[in-house]
Peer 1: 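Quick one: this structure, given as structure tokens, is what I'll be asking you about.
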Amino acid sequence: MPKFLYLVLIAVTFASCSEYQKALKSEDTKVKYELAERLYKEGKFKKSSRLFEQVVPRYRGKPQGERVTFLYARSLFEIEQFIVSGYQFERFVRSYPKSDSIQSAAFYEAKSYYMESPRYSIDQRETIKAINKLQAFINNYPDSRFLDNANAMVDELTTKVEKKAYEIAKQYNTISDYKSSIKAVENFLSDYPGTSFREDAMFLKLDAMYNLATKSFATLMEGRYNEAASAYRTLVKFYPESKYREKADEIMASITEELAKFSK
């Protein structure tokens, strides 16, 4: 870069920073607002959010309040301050229910919660909250241009919650707490009948029931092997080409062998 252009760039950057610092300290609301909006349009969301934060209270109840509140919430979203942006979008929805931006605000409110959803292995209360927000948006705005995105996010988050529940049941089996594993699987299948983990859960139930039977007192073994056999039949009925079929068949062969001992 030629030296002259480099010096010009430094001068422009310095002037811009100086203008921003002056606006932050200024008592002139109009100066703050105009610069905040310009910075927002330039994609400088961190700086714009700081200025919007200062002017939002001053425009509350005024005609400009609607636009200022929306741009403040959106700038917070852009800098990934999702907890605060969710709150600000929610506030916008309550304050300006007739706004032309109401759908956008409601969508970004829900998306803010979506962005805060943790990985599946963490407690999923925030994920469930995000699902509820997104579902409320879908119900309220069934013709929205954001509908496909909202549905996709609900599907993603629902899968995450399901995976968490399935992994809990699987963990019980891993630590040999077979009764808890069976109960967790049954609850899982009841709570999420259309889950993508249905086949996995059915095999897990078979495996846990078989393991429980093998560890049982002699007086309980026959009944529990029969329950495991029933779990096997359910699995192959719904998934005759199951990815677990080979392992399930091995378990069933062992169950059949054990049950034969009780008929002698």
Peer 1: Find out whether the Lys NZ or Arg CZ of Lys163 is both under 6.0 angstrom from the six-membered ring centre of Tyr120 and within 45° of the ring's axis.
Peer 2: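 So Lys163 does make the cation-pi contact.
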Peer 1: Would you sort out whether Arg224 and Glu227 count as a salt bridge (charged side-chain N to carboxylate O under 4.0 Å, His left out), showing the intermediate values?
Peer 2: CA-CA 5 Å; Arg224 287 178 174 172; Glu227 290 174 351; 5.3 Å; no
Peer 1: For Lys243, does the NZ atom have more than 12 heavy-atom neighbours from other residues, nucleotides or ligands under 6.0 Å away?
Peer 2: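 Buried by this count: over 12 neighbours within 6.0 Å.
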Peer 1: Ring pair (Phe, Tyr, Trp, His ring centres under 6.0 Å) for Tyr40 and Phe45? Distances and angles first, verdict last.
Peer 2: CA-CA 5 Å; Tyr40 178 88; Phe45 300 112; 5.3 Å; yes
Peer 1: Flag yes if more than 12 heavy atoms outside Asp28 fall under 6.0 Å of its CG atom; otherwise flag no.
Peer 2: yes
Peer 1: Could you check whether the rings of Phe89 and Phe77 sit parallel, tilted or perpendicular, using 30° and 60° as the cut-offs?
Peer 2: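 Geometry flag for Phe77 against Phe89: perpendicular rings.
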Peer 1: Can you confirm whether more than 12 heavy atoms, excluding those of Lys164, are under 6.0 Å from its NZ atom?
Peer 2: yes
Peer 1: Can you hop from Leu189 to Met209 via hydrophobic side chains spaced under 4.5 Å?
Peer 2: no
Peer 1: Could you tell me whether Asp123 and Arg125 have a side-chain N and a carboxylate O separated by less than 4.0 Å?
Peer 2: yes
Peer 1: Side chains of Ser49 and Tyr72: any donor to acceptor distance under 3.5 Å?
Peer 2: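 There is no such pair (donor and acceptor under 3.5 Å, judged by atom type) between the side chains of Tyr72 and Ser49.
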Peer 1: Walk me through it: do Phe197 and Asp200 pass the test side chain to side chain contact (heavy atoms under 4.5 Å, CB included)?
Peer 2: CA-CA 5 Å; Phe197 298 100; Asp200 305 270; 4.1 Å; yes
Peer 1: Could you grab the distance from atom CD1 of Ile251 to atom CD of Glu246, nearest 0.5 Å is fine?
Peer 2: 11.5 Å
Peer 1: So, for Ile102 and Val93, which heavy atoms are closest and what is the spacing to 0.1 Å?
Peer 2: CD1-CA, 3.7 Å
Peer 1: Using a strict threshold of under 4.0 Å (side-chain N to carboxylate O), is an ion pair present between Glu37 and Lys41?
Peer 2: yes
Peer 1: Taking the six-membered ring of Phe238 (Phe, Tyr or Trp), confirm whether the NZ or CZ of Arg198 is under 6.0 Å from its centre and within 45° of its axis.
Peer 2: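 That pair qualifies as a cation-pi contact.
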Peer 1: Distance from Ile255 atom CD1 to Asp249 atom CG, nearest 0.5 Å?
Peer 2: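 Reported value, rounded in 0.5 Å steps: 10.5 Å.
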Peer 1: Counting only pairs under 3.5 Å, give me each side-chain donor-acceptor contact of residues 166-176, with atom names and distances, residues two or more places apart or in other chains.
Peer 2:
unit_1 : atom_1 : unit_2 : atom_2 : d
Asn173 : ND2    : Asp207 : OD2    : 2.9
Thr174 : OG1    : Lys170 : O      : 3.0
Ser176 : OG     : Tyr178 : OH     : 3.4

Peer 1: To check you understand the geometry: which heavy-atom pair defines the closest contact between Leu206 and Ala228, and what is its length?
Peer 2: CD1-O, 3.3 Å
Peer 1: Could you state whether Val31 and Leu35 fall into the same hydrophobic cluster, counting links through intermediate Ile, Leu, Val, Met, Phe, Trp or Tyr residues with side-chain heavy atoms under 4.5 angstrom apart?
Peer 2: no
Peer 1: Can you list the steps and then say if Asn132 with Tyr113 is a side chain to side chain donor-acceptor pair (under 3.5 Å)?
Peer 2: CA-CA 10 Å; Asn132 291 336; Tyr113 284 94; over 6 Å; no
Peer 1: Any chance CD1 of Ile122 has more than 12 other-residue heavy atoms, nucleotides or ligands included, within less than 6.0 Å?
Peer 2: yes
Peer 1: Using a strict threshold of under 4.0 Å (side-chain N to carboxylate O), is an ion pair present between Arg60 and Glu66?
Peer 2: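 Here Glu66 does not pair with Arg60 in a salt bridge, since their nearest N and O are not under 4.0 Å apart.
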Peer 1: Ignoring hydrogens, what is the shortest heavy-atom contact between Arg50 and Tyr20? Give both atom names and the distance.
Peer 2: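 Taking Arg50 first and Tyr20 second, the nearest heavy atoms are CD-OH, 3.2 Å.
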Peer 1: Just to verify, which of Lys133, Arg74, Arg94 counts as forming a salt bridge (Lys or Arg N to Asp or Glu O under 4.0 Å) with Glu109?
Peer 2: Lys133
Peer 1: Which pair of non-hydrogen atoms, one from Tyr239 and one from Met202, has the smallest distance, and what is that distance?
Peer 2: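 Result for this residue pair: CE1-SD, 3.8 Å.
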Peer 1: May I ask you to check whether Glu222 and Asn226 show a side-chain donor-acceptor distance below 3.5 Å?
Peer 2: no
Peer 1: What distance separates Tyr108 OH from Phe82 CZ, expressed to the nearest 0.5 Å?
Peer 2: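 Those atoms lie 11.0 Å apart.
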Peer 1: Dump the intermediate steps for side chain to side chain contact (heavy atoms under 4.5 Å, CB included) on Leu71 and Ser48, then the final yes or no.
Peer 2: CA-CA 9 Å; Leu71 292 181; Ser48 68; over 6 Å; no
Peer 1: Would you mind reporting whether Ser242 and Leu235 have side-chain heavy atoms less than 4.5 Å apart?
Peer 2: yes
Peer 1: Go through it in stages, so that I can follow the logic: the residues are Glu42 and Arg38, the test is salt bridge (charged side-chain N to carboxylate O under 4.0 Å, His left out), and I'd like the CA-CA distance, side-chain angles, deciding distance and then a yes or no.
Peer 2: CA-CA 6 Å; Glu42 293 173 359; Arg38 175 153 60 86; 3.8 Å; yes
Peer 1: Tell me whether Thr195 contacts the main-chain N or O of Tyr192 through its side chain, where contact means a donor paired with an acceptor under 3.5 Å.
Peer 2: no
Peer 1: Would you be so kind as to tabulate the donor-acceptor pairs closer than 3.5 Å made by side chains of residues 51-59, with sequence neighbours excluded?
Peer 2:
unit_1 : atom_1 : unit_2 : atom_2 : d
Gln54  : OE1    : Lys32  : NZ     : 2.4
Arg58  : NH1    : Thr29  : OG1    : 3.0

Peer 1: Quick one: are Tyr114 and Thr127 in side-chain contact, heavy atoms under 4.5 Å?
Peer 2: no
Peer 1: Does Glu19 come within less than 4.0 Å of Lys22, counting only side-chain N to carboxylate O?
Peer 2: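 Looking at Lys22 together with Glu19, the answer is no, because their closest N to O distance does not fall below 4.0 Å.
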Peer 1: Would you call Arg145 and Ser104 a side-chain contact if the rule is heavy atoms closer than 4.5 Å?
Peer 2: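 In short, these two side chains touch, coming nearer than 4.5 Å.
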Peer 1: Can you check side chain to side chain contact (heavy atoms under 4.5 Å, CB included) on Lys205 and Tyr232, steps first, answer last?
Peer 2: CA-CA 9 Å; Lys205 183 178 180 180; Tyr232 168 84; over 6 Å; no
Peer 1: So, do Ser99 and Phe70 sit near enough that their side-chain heavy atoms are less than 4.5 Å apart?
Peer 2: no
Peer 1: Rounded to the nearest 0.5 Å, what separation is found between the CZ atom of Phe92 and the OG1 atom of Thr69?
Peer 2: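 Separation between the atoms: 7.0 Å.
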Peer 1: Transitively linked via ILVMFWY side-chain contacts under 4.5 Å: Ile138 with Leu157?
Peer 2: yes
Peer 1: For the side chain of Ser190 and the backbone of Glu186, is there at least one donor-acceptor N/O pair under 3.5 Å apart?
Peer 2: no
Peer 1: Using 0.5 Å steps for rounding, measure from the CZ atom of Phe107 to the OH atom of Tyr141.
Peer 2: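 One finds 13.0 Å between CZ of Phe107 and OH of Tyr141.
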Peer 1: Ser216 side chain to Leu212 main-chain N or O, any donor-acceptor pair under 3.5 Å?
Peer 2: yes
Peer 1: Does Leu147 belong to the same Ile/Leu/Val/Met/Phe/Trp/Tyr cluster as Ile131, with side-chain heavy atoms less than 4.5 Å apart forming each link?
Peer 2: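 Both belong to a single hydrophobic cluster.
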Peer 1: I want to check something: taking the side chain as every heavy atom from C-beta on, are Lys111 and Met153 in contact at a cut-off of under 4.5 Å?
Peer 2: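 Side chain of Lys111 against side chain of Met153, heavy atoms only: contact under 4.5 Å found.
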Peer 1: For residues Glu126 and Ser117, is any side-chain donor paired with an opposing acceptor at under 3.5 Å?
Peer 2: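 Looking only at side-chain atoms, Ser117 and Glu126 do not form any donor-acceptor pair under 3.5 Å.
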Peer 1: How close do Ser85 and Ala73 get, heavy atom to heavy atom, and via which atoms?
Peer 2: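 That would be CB-O, 3.6 Å.
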Peer 1: Do Tyr225 and Thr214 make a side-chain contact, defined as non-hydrogen atoms from C-beta onward lying under 4.5 Å apart?
Peer 2: yes
Peer 1: If Ile, Leu, Val, Met, Phe, Trp and Tyr residues are connected whenever their side-chain heavy atoms lie under 4.5 Å apart, and connections chain through other members, are Ile182 and Met252 in the same group?
Peer 2: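 Each belongs to a different hydrophobic cluster.
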Peer 1: Taking salt bridge (charged side-chain N to carboxylate O under 4.0 Å, His left out) as the definition, give me every residue that meets it alongside Lys160, ordered by chain and number, with sequence neighbours left out.
Peer 2: none
Peer 1: Could you give the distance from CZ (Arg245) to CD (Glu199), rounded to the nearest 0.5 Å?
Peer 2: 11.0 Å
Peer 1: Identify the heavy atoms of Val185 and Ala201 that sit nearest to each other, and give their distance.
Peer 2: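 Heavy atoms of Val185 and Ala201 come nearest at CG1-O, 3.4 Å.
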